2 protein chains.
Amino acid sequence: MSTPAASLPELPAGGEPLRFRPLYGQVYESLLKRIAGGEWRAGEALPSEQALAAQLGVSQGTVRKALDALALDKMIDRRQGKGTFVAELTQEQALFRFFRLTRADGERAVPSSADETLKLRPARAVEQRALGLAPDEEVIEILRTRVLDGRPTMVERVVVPAAVFPGLERLAPLPNALYALYQREYRINIAAVDERLRADAARREDVRRLGVVLGAPLLQIERVARTVEGRVVEWRLSRCDTTHLSYAVTLS
Amino acid sequence: MSTPAASLPELPAGGEPLRFRPLYGQVYESLLKRIAGGEWRAGEALPSEQALAAQLGVSQGTVRKALDALALDKMIDRRQGKGTFVAELTQEQALFRFFRLTRADGERAVPSSADETLKLRPARAVEQRALGLAPDEEVIEILRTRVLDGRPTMVERVVVPAAVFPGLERLAPLPNALYALYQREYRINIAAVDERLRADAARREDVRRLGVVLGAPLLQIERVARTVEGRVVEWRLSRCDTTHLSYAVTLS
DNA sequence: GAGTGGTCTAGACCACGCA
DNA sequence: GCGTGGTCTAGACCACTCT
């Protein structure tokens, strides 16, 4: 667990001769834990750089470097003249930050949902592996059709551990942006998602939900979503009709 | 053109009341131009921070901030104790940095090429648009089958402006990693690629090259590759059999 | 005007690579 | 042991937001 944080130098590998660990890295970890622990809620301001420096007994420059790293990792928002705030997923950010389907003209399409069903059931083998669950643990399955530009475009199956999201099945109908809900209702912040894409032929369920012909090529996206601490809290399988939309990503 | 650089604050929008521009941003631009202009070749060392600071008449801290930003944008490599070097695409980096196909176990598959053909021909409309070419400009088309784990997996069509890569058609057979070749032979550095993915049914050419059945679902990847200055110098269309591999990406 | 983050400087010291 | 980049500090001043 505990992702080394993209913005920080790599941690020492296992069994090393005890490597150097910079001060600002410790400040980073300390602040990260306090944020994750809920000391400040999403949207709330942290103490000022000066205050944190005094509190932690380090210079302002060191605090600044830790805060810069936290901002790079999207844990906080810094606003000149105002302060430093715990990052908040607005409905809009939650929709677009992890949603890559775009129209041919490059505009992001806004999804809505239809035919949503929720189920509480035991985890399947693949879900156990992906979510790191013990045998017999229960999951909540959300099955829904996503509509873009008025067309049913995507069949989405979302699976989360019931223990992590207790009572989620009673919150239906669910909002469009699940990750904002995770944050608001369960204080769980999705920090990154790993996606695996492949092409697959439409099955009967796809035909029924999307109106495509049997065997039509669909883009299948398998996703696991992780918190800052590296805990996997969601597994998701989406099957998309890419006739009018495509999955856009920039690699650098 | 001139991407504002991911690591720098946003540039003033058009027609603004003349906004503040930090010193380190100017240093960044200055060094970027000197690197792009070939003052130091790929792999060569830049002057030390101290030397640059003296040369530019700013403090070492300001130079450092500019160099940090350049490193973030993968323009330079910094090595403690050694120096600062213009980023170099090794054959391996070039292959993996922009290549997302991975095996089920998460290991990156190493591609090789087969059935390569090169052609010099006028640009088609779609290529003119993507590459920003004038009518009647010529392009070089590379058509090849990519083999992964011993299986023909991908049909790849690479199209580049003939004016940008003069004589490329005489360099066949081309190496596996084209971007290392672009850098070595033409001093063109690919900084980022934009990819658009969709699912499509296998056509006759796919059947012949990949051995899939007609209509089988393929993952189609359309790519444009950009230099640091934002110039699009390559357009690429890949069609992949994702039976044994998938396209993996992390969003954060 | 007070308070915040952002920039810039100058200098000390540390970790690392190499000869 | 020297030169490099990396860390840490202390302080001055600037740009921005709000009252």
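So you know, we letter chains A, B, ... as the sequences are listed, proteins then strands, and number each from 1. Below, all heavy atoms of this structure are taken into account, side chains as well, without hydrogens, waters or symmetry copies. A quick note: this is a predicted structure, and the numbers were derived from the prediction, not measured.
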Review point. In whole angstrom, what separates A:E49's CD from D:dT9's P?
Key: 13 Å
Point to revise | N/O (side chain, A:K82) to phosphate O (OP1/OP2, C:dG3) under 4.0 Å | key: no
Practice item. Look at the side-chain N and O atoms of B:Y24 and state whether any lies under 4.0 Å from the OP1 or OP2 oxygen of C:dC8. Key: no
Check your understanding: Under 4.0 Å between a side-chain N/O of A:T84 and OP1 or OP2 of C:dT4, yes or no?
Key -> no
Check your understanding: Rounding to a whole Å, what distance do you find between A:Q60:CD and D:dT9:C1'?
Key -> 11 Å
Revision key, fill the gap. Out of D:dG6, C:dC8, C:dG6, minimum distance to the side chain of A:Q80 belongs to C:dG6
Review point. Which atom pair, heavy atoms only, marks the closest approach of B:N176 to B:R144?
Key: O-NH2, 3.6 Å
Review point. If you measure from the Lys or Arg side-chain nitrogens to the Asp or Glu carboxylate oxygens, is any gap between A:R78 and A:E49 under 4.0 Å?
Key: yes
Point to revise | Nearest-nucleotide 5' precedence on DNA chain C, A:G81 against A:D68 | key: A:G81
Check your understanding: Which heavy-atom pair separates B:R187 from B:R41 by the least distance, and what is that distance?
Key -> NH2-NH1, 3.0 Å
Exercise for review: Examine D:dT7: is either OP1 or OP2 under 4.0 Å from a nitrogen or oxygen in the side chain of A:T62? Give yes or no.
Suggested key: no
Check your understanding: Which part of the nucleic acid does B:R79 contact within heavy-atom distance under 4.0 Å: base, sugar-phosphate only, or nothing?
Key -> sugar-phosphate
Exercise for review: Grab the CZ-P distance between B:R64 and D:dG5 for me, whole Å please.
Suggested key: 8 Å
Exercise for review: State, without any angle test, whether A:S113 and A:R146 hold a side-chain donor-acceptor pair at a distance under 3.5 Å.
Suggested key: yes
Revision key, fill the gap. The nucleotide from D:dG5, D:dC8, C:dT9 with an atom nearest the side chain of B:R78 is D:dG5
Check your understanding: Under 4.0 Å: is that the gap between some side-chain N or O of A:K65 and OP1 or OP2 of D:dC8?
Key -> no
